[in-house]
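Predicted, not measured: the structure shown is a model, and the values here were computed from it. Every chain is numbered from 1 and lettered A, B, ... according to where its sequence line falls, protein lines coming before strand lines.
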Amino acid sequence: MAEEQKPATPPKPPTPAPAAPKAAPPPPPSPTPWESDLTRSLAEKFGDRITDFLTYAGQPYLVAAPDALFGIVEYLKLEADFDYLVDVTAADYPARAERFDLVYILYSFTRNERIRLKASVAEGYQPASLAPVHLTANWLEREVYDMFGIEFAGHPDMRRILMPEDWEGYPLRKDYSILKMDERWVKENLQIDSAQ
Amino acid sequence: MTAHSNPLPDSTFLDSSELVLNMGPQHPSTHGVLRVILKLDGEKIIGTDCVIGYLHRGVEKIAENRTYAMFAPYVDRMDYVAAVSNGLGYCLAVEKLLHLEAPPRAQVVRVIMTELQRIASHLLWLGTHALDVGALTPLFYVMREREEIMKIFEDYCGARLTTHAFRIGGLQYEVHEGLERQVKQFCGMFLPKLDEYEELLTQNRMWVARLTNVGVLNAEQCKQYGVTGPMLRAAGVEWDLRKAQPYSGYEKYEFDIPTRQNGDTYDRYIVRMQEMRQSVRILRQAVEDIPAGPIMGKVPKVIKPPAGEVYVSIEAPKGELGYYIVSDGSTQPYRLRVRPPSYVNLQSLDCMARGALIADIVAIIGTIDIVLGEIDR
């Protein structure tokens, strides 16, 4: 019964040490180089198209030139058994010249390994669609297009998927303001300046 | 038969072979608001187009405007029939970003809750799927057993559906008195009930006839479409993230990965039924040995993960559920991406439905086990 009274209080870590003293002794973790047979064969095959092989928190990833992505994914599928495209997504960094990070996550059933591919692309750049290599890329890339406005060249069906077809703007871009969209909507529909 | 040889005035109508039929979004067997545009040739489906997004709430955008702890309840609203699993995936991902692990006691409680949730999710699937195919009875049976799981959740954290059971770094609540007894009781009660469902369905001639060789997806196609979970295992691939890349201490438990070979709707039914039995096995081992100790790890009061990015995935009832989080060192995620199993699995609908009869489309949608809240997010 005494135990049942605990839920009322908020979670208390056993040692209430705030972040500052804890972070002081070890420096903030940073990516470390990733080296394996796979990285060597990739480096040999693609040379300077792959700029970095890194691991962070035990998770390997590589950074490549956007035009090399298709070739790398195809190579990984055919030669290294990375036959499952887990996810395609992106992140927006509006301050950068190449504002988007494209992220591909691949998995190999035989190796039981998961790797990530990253590439920076500028607005308007059309990366090659992976749909010819992995059928699952179809919807995943449609979602990236829907949310970030990155169009994929050679995609079989480049339409919005979650948002309505006539939607303006790309919601997951950092400069897409929820507040502005809301104000516009209430102005048009409720004839008031702001609902906030 | 050409138009010229046909004397009937409506020959052009008879000649046109393609019919476009709209199904949903308000259709009871689409499990939410899924709209499927069917292209038909007579009774045969020659193509489908899914229209989704009716439940889109912009969860990923919301995440960018909330702190890590504030966002945790939102994930329960994605796959709302397996809220605990969503929460586990999210907590594990943020813990990975923070470079910490939940204490052993919390991990075991997490396993118990997620396995209960897996059973609850599969039960709901079984009931609705059977209902779709025409068997009304199982729905009432599974709701009765699911209720027992809901009661355990309610006793543990006060909520039944969207539980928010876990916290980043461990658990908020110490387990309530009698959890072990409740879970043991449930396990003892549940296995005979499973036999009861199987008696109703497994050998039922109509059930077998409606499901066998319907919606076939072989192993190669599954991999092509990124299909995971019971669908992949029904196609003969022995792959389960709990075994392949164990998390939250799953490596400590003995359980099998049920597989089947044909990859049809019937095999997926068998796989899910056996998975529930395996979950009971895990539950029994887990409640026997809940270690003593703290339930929260050393989590700072303000969660501010160092800059970096991780992808963490778990075996949710429906397949691989992944969270890809980018931290910029602030209190809010810079980018949070959810890799929903239902979304990816639904894409294979077209492949499964092509060539099938229109009467089977409902069974094929049901067999994927989709939750629209997760697809649309």
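For a residue to count as touching a neighbouring chain, one of its non-hydrogen atoms must lie under 4.5 Å from one of that chain's; by this rule A:Arg160 does not touch chain B. Neither the backbone nor the side chain of B:Gln221 comes within contact range of chain A; no heavy atoms are under 4.5 Å apart. B:Gln347 touches chain A through backbone and side chain together, each having a heavy atom under 4.5 Å away. Only the side chain of A:Ile105 comes within contact range of chain B, judged by heavy atoms closer than 4.5 Å. Neither the backbone nor the side chain of A:Asp101 comes within less than 4.5 Å of any heavy atom of chain B. Heavy atoms of A:Val144 lying under 4.5 Å from chain B are absent altogether.
At distances below 3.5 Å, at least one donor-acceptor pair connects side-chain atoms of B:Tyr343 with backbone N or O atoms of A:Trp139. Side-chain atoms of B:Arg339 come within 3.5 Å of backbone N or O of A:Val86 as a donor-acceptor pair.
Heavy-atom pairs under 4.5 Å with chain A were tallied for B:Leu346, B:Val344, B:Ile375, B:Leu55; the largest tally goes to B:Leu346. Interface summary for chain A: among B:Gly158, B:Gly58, B:Pro306, B:Cys222, the most heavy-atom pairs under 4.5 angstrom belong to B:Pro306. By number of non-hydrogen pairs under 4.5 angstrom with chain A, the leading residue of B:Lys61, B:His56, B:Glu60 is B:Lys61. Heavy-atom pairs under 4.5 Å with chain A peak, among B:Val326, B:Thr228, B:Val227, B:Val51, at B:Thr228.
Here the shortest heavy-atom pairing between B:Tyr311 and A:Gln59 reads O-NE2, 2.6 Å.
Ring pair B:Tyr334/A:Tyr93 is parallel by interplanar angle, where below 30° counts as parallel and above 60° as perpendicular.
Looking at heavy atoms from C-beta onward, B:Arg337 lies out of side-chain contact with A:Val103 at the 4.5 angstrom threshold.
The ring of B:Trp239 has its center closer than 6.0 angstrom to the ring center of A:Tyr107.
In this structure, B:Lys223 satisfies the cation-pi test against A:Phe109, with its NZ or CZ atom closer than 6.0 Å to the six-membered ring centre and inside 45 degrees of the ring normal.
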